[in-house]
Protein chains: 2
Amino acid sequence: MVVMIENFASLDLKEYVDKLRDAIAHKKLIVMYVRCRVEYEGRSASKLEVGDRILIIKQDGAVLVHRPTGYSPVNWQPETTYIDVKLEGTKILLKAIRRSPREILNVEIEKVYGLTIGELHDTGTFYELLDESDIRDILAHYPELIEENSVTIDVEKRVEPGFIDLYLRGKNGEIIVVEIKRVKASISAVKQLKSYIDALSKHLPKERIKGVLVAPEATNSAIEACEKLGIRFKKIALDKIVELKRKLMEEKRERTLLDYLKS
Amino acid sequence: MVVMIENFASLDLKEYVDKLRDAIAHKKLIVMYVRCRVEYEGRSASKLEVGDRILIIKQDGAVLVHRPTGYSPVNWQPETTYIDVKLEGTKILLKAIRRSPREILNVEIEKVYGLTIGELHDTGTFYELLDESDIRDILAHYPELIEENSVTIDVEKRVEPGFIDLYLRGKNGEIIVVEIKRVKASISAVKQLKSYIDALSKHLPKERIKGVLVAPEATNSAIEACEKLGIRFKKIALDKIVELKRKLMEEKRERTLLDYLKS
DNA sequence: GGCTAAATCTCGTGC
DNA sequence: GCACGAGGTTTAGCC
């Protein structure tokens, strides 16, 4: 597969407009170096005064305006339903409109320093290792990592204020409500957990209910809040979880093979 | 100010490496069309199989790997402390390292379809209209929009679980705790407000305390929760707030002028 | 589509 | 530097 990137510079604005229209119509990838102003109106509203930026129009119509520094685009539009480009006086006006929510992005380009147009093919799989649901599933298999002799009753159990990550039954019959964080747990995680415990207490007044916050670490205020509310903070080592994930996946592979041989 | 965008194609990988190193050393803006693999390890870990992407290195060292579609980069590194580029066999290895948190991004480039190098100057101011603090300040000036004959006592008042957006005194002497959301309020906003009310009730047992949730709209479950907890949901029209903001700013300008004339 | 919660969230602010 | 909260958050998952 050969990928050709066309490069344009020093064209008239009118010629740039034609190139852009053609590229958008053919769902090409466009990268432009421009001097521009930007206005946005939709969920919020913003105005960006004139300056030099990169303007990217992706193959699905996503529009990104990037300043020369920083991670995030200063303005953008997700896959838009409609992109219009036109010449108005000595400026190119690019309008990217999205319905639902109704949002309009206007880019007023007064100079084009460079334009590249290409078409990229990207089917490469993206693997993410160890997100929160991984940790949750592993702990559901090994609840003893949280509390000895406990048994997993439910995962992502729906209660009135939201979803309980893990719902265990302890060795003395008590209910254990587990909130998991992949990164440092802050006060909001404790609040979240507390609201689940409260909701359950109201619903099951006769049960003894315990809360456990599981995370690799926690802020001081989160730890204090736990102590005050009688919630246990259980520290977990992420590398151990990674190890157990590998083990679980191997077991799963073996089981699948066994099922196949049996059938 | 003239901006020159250099464009390169069909170079040897070795030549690309030299161009990249030079551009990075001089804090230039780099945009590259590449066929690459990516590995990330740090706060999380991920692996991206081979495909065609845009690789952007910004003037502050931020690195973005964008697929040909979608809003967000598939991999990235914020301003990195260190970027290393080297040739290894038939591949360019780009390593972007950040300390604190320790994160490593490895981009393994096997083909370069195009490379542009430039330097952009962007000092344009970005104005954001109507964020949550704007709404809060306007409602602090016009508390009657929330509750007739009420008076603003405090803004961002610190209580144990966090900050109360607006703290009013009603016409019958009751305390009014206001939680503001710029967008549709969900159950978590109600929870937040409830926790403030509870904390205040404990602290000021003799006061009558009312809660008001202010937002342009709310989810059904948020409205239900409000009803159950005796919290009022006050719908606000954002365009009205915008109008009042303009008015407030004009008044402020006039006051400033008056002060100037007096002095 | 609405709702809920995670995210390599990012970004700003305050301490 | 940490902690906390807003965001045009975006994205994924479920109903």
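Reminder, nothing fancy here: chain letters follow the sequence lines and each chain counts from 1. Computed from a predicted model, the values in this text were never measured in an experiment.
- For W76(B), the side-chain atoms get nearest to dT10(C) when compared with the rest of dA6(C), dT10(C), dC4(D).
- A side-chain contact (heavy atoms from CB on, under 4.5 Å) with V177(B) is found for exactly one of V212(B), I164(B), L213(B), V159(B), namely I164(B).
- Comparing R182(A) and F163(A) by the nucleotide of DNA chain C whose heavy atom lies nearest to each, the residue mapping closer to the 5' end is F163(A).
- Within the 4.0 Å cut-off from OP1 or OP2 of dG1(D), at least one side-chain nitrogen or oxygen of S100(B) is found.
- Of the candidates dG8(D), dT9(D), dT8(C), the closest approach to any side-chain atom of V183(B) belongs to dT9(D).
- Among the nucleotides dT8(C), dT4(C), dA6(C), the one closest to the side chain of S186(B) is dT4(C).
- Within the structure, a side-chain polar atom (N or O) of S72(A) is placed less than 4.0 Å from OP1 or OP2 of dC11(C).
- Of the side-chain N and O atoms in R43(A), none sit less than 4.0 angstrom from OP1 or OP2 of dG7(D).
- When distances are taken from the side chain of Y71(B) to each of dG5(D), dT11(D), dT4(C), the shortest belongs to dT11(D).
- Ring planes of H66(A) and H66(B): perpendicular class, angle over 60° (limits at 30 and 60°).
- Under 4.0 angstrom from either OP1 or OP2 of dG2(C) there lies no side-chain N or O belonging to K184(B).
- Comparing S221(B) and L105(B), the nucleotide of DNA chain C nearest to each residue sits closer to the 5' end for S221(B).
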